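All values reported here derive from a predicted model rather than from experimental measurement. Each chain gets a letter, A, B and so on, in the order its sequence line appears, and its residues count up from 1.
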Number of protein chains: 2
Amino acid sequence: MSQDQYTLKDIAKVLNLSPSTVSRALRDSHEISEETKRLVLEYATKVNYRANPLARGLKERKSYSIGIVVSEIANNFFSQVIDGIESVAYHKNYQVVISQTNESAERERFHVEHFYSRSTDGLLMAMSSESSDNSYLESLMERGMPIVFFDRIPKQVKSHQVITDNKRAAYESVQFLVKKGCKRIAMLSSSKKLSNSQERLEGFKLGLIAQHLEFDENLVQYCEYGGLKQSEIDLAISRFAELDYDGIFLSGDKLTTGYLQALRKYPKLAKKPIEIVGFTNSNLVDIFSPKITAVRQSAFEMGKKAAELLIEQIESRGKEVDFKTVLLPVELIEAE
Amino acid sequence: MSQDQYTLKDIAKVLNLSPSTVSRALRDSHEISEETKRLVLEYATKVNYRANPLARGLKERKSYSIGIVVSEIANNFFSQVIDGIESVAYHKNYQVVISQTNESAERERFHVEHFYSRSTDGLLMAMSSESSDNSYLESLMERGMPIVFFDRIPKQVKSHQVITDNKRAAYESVQFLVKKGCKRIAMLSSSKKLSNSQERLEGFKLGLIAQHLEFDENLVQYCEYGGLKQSEIDLAISRFAELDYDGIFLSGDKLTTGYLQALRKYPKLAKKPIEIVGFTNSNLVDIFSPKITAVRQSAFEMGKKAAELLIEQIESRGKEVDFKTVLLPVELIEAE
DNA sequence: GTGAAAGCGCTAACAA
DNA sequence: TTGTTAGCGCTTTCAC
């Protein structure tokens, strides 16, 4: 990096070759002699040659960059996913471009179209909670833009998907609570509309059935905004207070932390200690109080897997792909 | 977005103009008649024309993208900074490309050079803790790559810098502790080498002086790895245990959470309750236990400010800039 | 006020 | 096996 960027032409001139030969040599083409390849490679390494990605992208209609669309970056779960994405992209030489929607469908669309006009090679998306009309995404994909969805996936789209095995996670949470001696288990859930929530609720019910426990609709409270508004949680909790329960399953990150915050705020609502199991990807559960058992999603893995699938799809260049739905496990982490 | 990307040529053909005229019209050049401009603009809007950023970048040596280099993305503080950066970039129409170094100087350099070869327009960097030789950064800047440093800045570089007012933050933390009745205040510090740490230590001392308290070297423990290794913290804490102190100032994010984790692990080390003040940008301090007072950096603001300065510098196109050092305040958040 | 042409750095079809 | 040429989509100098 001790001087300005070398180009193919520069190298060609020095070695008395043509730019195309140099190009081919660098791409290890079979039609170039070993001797020439060696020469080119040697010199290229020496001057630290880097192909100009803009030029290459312009030519190849490829930018070697992938876009991420999430609702918020400053979020334990998403930032861990992004970490995973970056780690894969780094090794495969793709740039990672981020964008956030703040849960706005309009902003989501803006970003997606922007990525498109930038010849971004592919997209990794977790849908904003507000989005409903996804037809524009389908038409994009039809026109050849690979999109891999993770965490929050739109309905009925043909694409790779990487999600948490929500049903199983909820099921196991119940098993855990029962093992701890709980007989009446409450649940704090997000909006019934979200696929995530539905699956977790289903797993919750199955978990109860497996333990021959009755499902009591009163013991489930729904938060339309998934805990984005603390007031929602406060309300839910005050409703719970009148009921008798000895364990609770919190089915979302914000619900978990919101629940704990509410307990702090209204200590009398927490008359007796109960067993708490909740989704959260915070790294700091071990210093939370009261103690909870964390349902930790494989966020990093999710990012990795999604990025791998995306890059694979990108590099298969429009060949028929058979779309996968990858289910990732959660980990129950019990505070000591 | 209902068909494939239009090009200048497409528009030119339809309107019976030359591509160059269309280009000029779109860039609002004075040498194009109002009438033509109107025509072009109208049609361009109609077909939702977007200039191909790769082609433009290749030509203009500009990519309308800025790069972020941080040690880790999945980190409360940094992800909040990135949030701030994105919010500015979004409005100014720049893409945000992320990269992480995992504290490796080598990886840092790799990323920076990569950004350079990608014609990234500018960089936002928080140095990795491992980096020492920054001469390559200087030569980069000399060759016209704008870099704005935030949080962790290299020594002696001429550039914009956005950092926390560390001295003041530490000073105020001490005032706070004294107001709470503390007489013997301990401090857990990062490596003496880091500028951040030095400033916080200095503020700590000044704070003591202002309260006519004596600075006792024994009451300060240094963690070479800033708390990255829990063992470091455990050791420091066990040393503290033998001393008599009634308040502690934790001068870094990982130190704060690590300290709390250690208290949980070795409850006997926390013989008597003491007042705790510590840096942390976690949103969950209110559910930590024991209760602490959080020193919260203006992370979002830091990202915003840094991005604003960077884009301003980019768009001033190599004009002489007079470099600013922006000091941001912290907020002390007391648990209820 | 508009157009023709060159060129940014790269790849690939075609020639030799 | 290597070189020549054209062209990706854009901007800009130079001509008209």
Side-chain angles (χ1 to χ4, degrees), chain A residues 3-41 43-44 47-65 93 116-121 144 315 317, chain B residues 3-41 43-44 47-65 93 114 116-121 144 317:
Chain A
Q3 83 130 76
D4 246 25
Q5 211 70 339
Y6 276 76
T7 69
L8 283 183
K9 226 158 99 185
D10 295 333
I11 300 185
K13 201 177 293 171
V14 173
L15 300 181
N16 249 313
L17 290 166
S18 78
S20 50
T21 304
V22 177
S23 168
R24 281 184 275 237
L26 288 172
R27 331 190 89 238
D28 202 25
S29 157
H30 62 272
E31 42 186 11
I32 300 293
S33 76
E34 287 308 317
E35 174 61 7
T36 308
K37 275 187 195 169
R38 201 183 49 70
L39 235 62
V40 171
L41 216 66
Y43 186 73
V47 301
N48 195 20
Y49 168 79
R50 312 267 174 148
N52 179 323
L54 270 62
R56 181 187 279 186
L58 182 59
K59 181 72 192 174
E60 293 185 329
R61 320 201 105 57
K62 192 164 184 297
S63 59
Y64 289 93
S65 68
N93 255 292
Y116 179 70
S117 75
R118 283 252 187 187
S119 340
T120 306
D121 297 336
E315 303 197 331
R317 280 283 191 189
Chain B
Q3 85 130 76
D4 247 24
Q5 211 72 337
Y6 276 77
T7 69
L8 282 185
K9 227 158 95 185
D10 296 332
I11 300 186
K13 202 175 294 171
V14 172
L15 300 181
N16 250 313
L17 291 167
S18 76
S20 46
T21 303
V22 176
S23 169
R24 281 186 275 238
L26 287 172
R27 331 192 87 237
D28 203 24
S29 157
H30 60 273
E31 41 186 11
I32 299 294
S33 75
E34 287 309 317
E35 173 61 7
T36 309
K37 275 186 195 169
R38 202 184 48 70
L39 235 62
V40 170
L41 217 67
Y43 187 72
V47 301
N48 195 20
Y49 168 79
R50 311 265 175 152
N52 179 323
L54 271 64
R56 180 188 280 186
L58 181 60
K59 183 71 191 173
E60 291 185 330
R61 323 199 105 57
K62 189 164 187 303
S63 60
Y64 288 92
S65 68
N93 254 294
H114 202 248
Y116 179 70
S117 73
R118 281 250 187 187
S119 338
T120 306
D121 297 336
R317 279 286 191 189

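Shown here for A:Arg56 and A:Tyr64, the closest heavy-atom pair between the two residues is CD-CE1, 3.6 Å. Minimum interatomic distance between A:Thr21 and A:Leu17 (heavy atoms only, all atoms of both residues): CG2-CD2, 4.3 Å. Scanning both residues, A:Leu58 and B:Ala55, for their nearest heavy atoms gives CD1-CB, 3.7 Å. Nearest heavy atom pair, residue B:Ala44 against residue B:Leu26, reads CB-CD2, 3.9 Å. Smallest separation of non-hydrogen atoms from A:Pro19 and A:Ala12: N-CB, 3.6 Å. Shortest non-hydrogen contact noted between A:Asn93 and B:Arg118 is O-NH2, 4.1 Å.
If you measure from atom CG of B:Leu15 to atom C1' of C:dG1, you get 16 Å, rounded to the nearest angstrom. Whole-Å rounding puts the B:Leu58 CG to C:dC10 C1' distance at 8 Å. One can place CZ of B:Arg56 at 17 Å from C1' of C:dG7, the figure rounded to the nearest angstrom. Rounding to whole angstrom units, CG of residue A:Asp10 and C1' of C:dC10 are separated by 13 Å. What separates CG of B:Leu39 from P of C:dT2 is a distance of 10 Å, to the nearest Å. The NZ-P distance, from A:Lys13 to C:dC10, rounds to 13 Å in whole Å. Nucleotide C:dG7 holds its C1' atom 13 Å from the CG atom of A:Asn52, rounded to whole Å. The distance from atom NZ of B:Lys59 to atom C1' of C:dC10 is 15 Å, rounded to the nearest whole Å.
Across all strands, B:Leu54 comes closer than 4.0 Å to no nucleic acid atom at all (heavy-atom distances). The residue A:Thr7 sits close only to the backbone: its heavy atoms come under 4.0 Å of sugar-phosphate atoms, none of a base. Looking at heavy-atom distances under 4.0 Å, B:Ser20 makes contact with a base. Within the 4.0 angstrom heavy-atom criterion, only backbone atoms of the sugar-phosphate kind lie near A:Asn16; the bases stay farther away.
Interface residues of residues 22-32 of chain B facing DNA chain C, ordered by number: B:Arg24, B:Glu31, B:Ile32; criterion, heavy-atom separation under 4.0 Å.
Nearest-nucleotide positions on DNA chain D place A:Ala55 closer to the 5' end than the other of A:Ala55 and B:Pro19. Each of A:Lys9 and B:Leu17 was matched to the nucleotide of DNA chain C holding its nearest heavy atom; the match closer to the 5' end belongs to B:Leu17.
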Could you check A:Arg27 against A:Ser29 for side-chain contact (heavy atoms from CB on, under 4.5 Å), going step by step and ending with a plain yes or no? CA-CA 6 Å; A:Arg27 331 190 89 238; A:Ser29 157; 5.5 Å; no
Going through the distances and angles, do B:Leu15 and B:Val40 end up as a side-chain contact (heavy atoms from CB on, under 4.5 Å)? CA-CA 8 Å; B:Leu15 300 181; B:Val40 170; 3.9 Å; yes
Step by step, work out the side-chain contact (heavy atoms from CB on, under 4.5 Å) result for A:Asn48 and A:Tyr6. CA-CA 8 Å; A:Asn48 195 20; A:Tyr6 276 76; over 6 Å; no
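A donor-acceptor pair under 3.5 Å is formed between the side chain of A:Ser63 and the backbone N or O of A:Ser119.
In this model, the phosphate group of C:dG3 is approached by a side-chain N or O of B:Ser18 to a distance below 4.0 Å at OP1 or OP2. Taking side-chain N and O atoms only, A:Tyr49 has no distance below 4.0 Å to OP1 or OP2 of C:dG9.
In the 5' to 3' direction, nucleotides of DNA chain D lying under 4.0 Å from heavy atoms of chain A begin and end at D:dT1 to D:dG9.
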